[in-house]
Every structure is written in C-alpha cells, then in structure tokens.
Novice: 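Quick one: structure below, then a few questions.
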Amino acid sequence: MNKRNGRILIMTSVQAEKEAVLRGLKDDRVDVVLAGVGPVAAAINTMKALTANTYELVINAGIAGGFSGRADIGSLVIASEIVCADLGAESPEGFLSMDELGFGSSTRIEVDEGLAHAISSALSRGGQDVQRAPILTLSKVTGTEETTVELMEREPEAAAEAMEGYGVACAAQEYNLPVLEIRAISNAVGPRDREAWRIKDALQSLESASKVFMEVL
C-alpha cells in the first residue's frame, strides 16, 4: 500500500492519550487534536478540526475497555466497524438500534478496511497483540455485570468499548473521509474496579502502536 501524502487528523479524548500518541509519532503530516470525552464532544471537535484544515484520513486513537475473552489488557484493537451501542430505544423484547427503528440513520459506520488490515498486520509483525473487531461507542462506561452480559450478547463480535469513536466517525463521514479507530486496552469491561485499571500500560501500548502505524500511513 502506498503511503499517503496528505495530512492526517488523529483525535484523542484526553491529554494523556494525546501525549502518548505524540511520543510515538515522528511525522509532520499529522495533527493530534483533543476530542473531549463522549460522542457529542468528539463529533463537535472533530468537525471544528476538519473545518479548519484539509485532511485525507481521520483516526480516533486512545485507550478503552476490553471485553473478557475478546481483548486482553495491554492489547490493541483496530476497529473493523464503529458501533454506537446505546443509541436507540428500549423495548420489552430488548434494545432496538436506530437501524431497527427505521429512522433513516445508522449506528454502524464502516472503517477503511484496507488501512485497518495494513495497520493490524504491521503491528502484529512488530510483536504486538492486536486484533480487528467492532469497537462500541457508549455515552457511559459500563460498570455492571448485567450490562456487560447484555452488550456481549447483543454485539457478539465486539472486542472493546470507548466513548468517542462514533462521534469522530460521524464527522469524518460528513467530509467523505476514511476513518479508523485504534484502541489500547486498559481494563476489562465489567463491574467498575478502578484499582484494576492499567492505564499506564495501555498508554505505553498506544505509544508503541503510534510508532508502527505511521510507518504504514
């Protein structure tokens, strides 16, 4: 795959993620911008960045929770699909997505498959634990076993959850730009146990990944 010549926008939710990405990057084609926390802030701030400059690729990068048995702490997940998992309606039969409700908008956004494959392969060759799988966007962090089970049953292929991917992807979609989501796993999705989170390890994985994937892009 030929390297891109245009500029690349990387959105991170918080400063610690931004700093980890910047430590890994050695490429002046890239702007790393804070998205804020949550899909709404991420969409707004990504739109601002895309309005201010011209880019040919948008990436949401950061840390995330991983579903047990699907993504281990310290591993990397490259989104095969970006899914807004809590936008829809409750019903006696279970959750109904926007797609099922038929409101004309989708809660599932495709990524650039070729780029996702190329980055995943490069990271794997570099010895990192990486997989491609759907990444869920939620407006709140999952903190109970009940919600974890419900999400895993409803999205059986998903490997991780975060809070910004869908917002970033919606903004990229408005500009007809390819989008990727790359996440380093800091904790297991489930009952909230802040002491078990390994944020430092996840940020190190994110930094290492940034060094590799820019060689591909």
Side-chain angles (χ1 to χ4, degrees), residues 1-4 8-33 35 57-83 109-137 141-142 152 155-166 168-169 172 178-190 196-217:
M1 177 178 293
N2 295 327
K3 292 189 70 172
R4 291 169 177 260
I8 297 169
L9 174 64
I10 298 180
M11 302 297 297
T12 69
S13 60
V14 297
Q15 186 67 27
E17 294 169 329
K18 179 178 179 178
E19 291 173 358
V21 171
L22 287 172
R23 286 194 299 269
L25 289 175
K26 302 296 180 184
D27 199 313
D28 59 9
R29 296 173 299 149
V30 181
D31 293 328
V32 185
V33 176
L57 173 65
V58 180
I59 300 173
N60 181 211
I63 64 176
F67 289 102
S68 296
R70 301 181 186 177
D72 296 330
I73 293 175
S75 69
L76 295 163
V77 180
I78 311 297
S80 60
E81 186 180 31
I82 299 170
V83 182
I109 295 179
E110 295 181 358
V111 301
D112 187 304
E113 183 67 18
L115 287 175
H117 175 74
I119 292 173
S120 178
S121 297
L123 290 169
S124 183
R125 288 194 300 271
Q128 292 189 265
D129 182 2
V130 59
Q131 65 170 302
R132 290 160 60 207
I135 297 178
L136 307 184
T137 298
V141 175
T142 299
M152 293 180 74
E155 296 289 344
E157 302 301 320
E161 69 163 36
M163 300 179 73
E164 294 77 34
Y166 184 77
V168 172
V179 64
L180 298 171
E181 184 172 5
I182 300 169
R183 294 285 178 173
I185 303 303
S186 60
N187 59 281
V189 177
W197 291 12
R198 287 165 47 188
I199 293 177
K200 184 177 180 180
D201 292 343
L203 291 172
Q204 179 59 56
S205 294
L206 184 63
E207 177 182 342
S208 298
S210 299
K211 294 177 182 178
V212 174
F213 68 67
M214 285 314 302
E215 296 174 4
V216 176
L217 301 175

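Just so you know, these numbers come straight off a predicted model, no measurement behind them.
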Novice: Testing the basics here: between I78 and I119, what is the closest heavy-atom pair and its distance to 0.1 Å?
Specialist: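 In terms of heavy atoms, the two residues are closest at CD1-CG2, 4.2 Å.
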Novice: Is the side chain of R70 donor-acceptor paired with the backbone N or O of M152 at a distance under 3.5 Å, no angle test?
Specialist: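 Such a contact is found between R70 side chain and M152 backbone.
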Novice: Is it true that T142 and E161 share a donor-acceptor pair across their side chains at a distance under 3.5 Å?
Specialist: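 Distance-only check passes for E161 and T142.
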Novice: How long is the gap from CD1 on I82 to CG on N60, to the nearest 0.5 Å?
Specialist: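 Nearest 0.5 Å value for the CD1-CG distance: 7.0 Å.
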Novice: So, the side chain of S124 versus the backbone of S120: is there a donor-acceptor pair under 3.5 Å, distance only?
Specialist: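 No; zero donor-acceptor contacts below 3.5 Å.
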Novice: Keeping R198 on the side-chain end and S186 on the backbone end, is there a donor-acceptor pair under 3.5 Å?
Specialist: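 The answer is no, because no donor-acceptor pair under 3.5 Å joins these two groups.
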Novice: Can you check whether Y166's main-chain N or O pairs, donor with acceptor, with T137's side chain at less than 3.5 Å?
Specialist: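 Checked: pair present.
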Novice: Side chain of E17, backbone of V14: donor and acceptor closer than 3.5 Å?
Specialist: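 Flag set: sc E17 to bb V14 pair under 3.5 Å.
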Novice: With rounding to the nearest 0.5 Å, note down the distance linking CG in L180 to CD1 in I135.
Specialist: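 CD1 of I135 is found 10.0 Å from CG of L180.
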Novice: Heavy atoms only: give me the nearest S80-V111 pair and the separation to one decimal.
Specialist: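 Closest approach of S80 to V111, heavy atoms only: O-CG2, 3.6 Å.
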Novice: Say you draw a straight line from CD of E181 to CG of L136; how long is it, rounded to the nearest 0.5 Å?
Specialist: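 So the CD of E181 and the CG of L136 are separated by 9.5 Å.
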Novice: Indicate yes or no: at least one non-hydrogen side-chain atom of S13 is less than 4.5 angstrom from one of M163.
Specialist: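 No, too far: nothing below the 4.5 Å cut-off.
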Novice: Keeping the roles fixed (side chain from S210, backbone from L25), state whether a donor-acceptor pair exists under 3.5 Å.
Specialist: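 Checking the backbone N and O of L25 against the side chain of S210, no donor-acceptor pair under 3.5 Å is found.
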Novice: Minimum heavy-atom separation for D112 and P178, please, with both atom names.
Specialist: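 Heavy atoms of D112 and P178 come nearest at OD2-CB, 3.6 Å.
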Novice: Within the distance-only criterion (no hydrogens, no angle test), does the side chain of D129 pair as donor or acceptor with the backbone N or O of S75 below 3.5 angstrom?
Specialist: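 No; judged by distance alone, with no hydrogens or angles, the pair does not exist.
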Novice: Where is the tightest heavy-atom contact between L203 and A20, given as atom of each residue plus distance?
Specialist: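 Looking at all heavy atoms of both residues, the shortest contact is O-CB, 3.7 Å.
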Novice: To check you understand the geometry: which heavy-atom pair defines the closest contact between G65 and V189, and what is its length?
Specialist: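 Looks like C-CG2, 3.5 Å.
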Novice: Tell me if the CD atom of E110 is crowded by more than 12 foreign heavy atoms within 6.0 Å.
Specialist: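 Not more than 12 within 6.0 Å, no.
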Novice: Does D31 use its side chain to pair, donor to acceptor, with the backbone of L9 at less than 3.5 Å?
Specialist: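 Here the side-chain-to-backbone pair does not exist.
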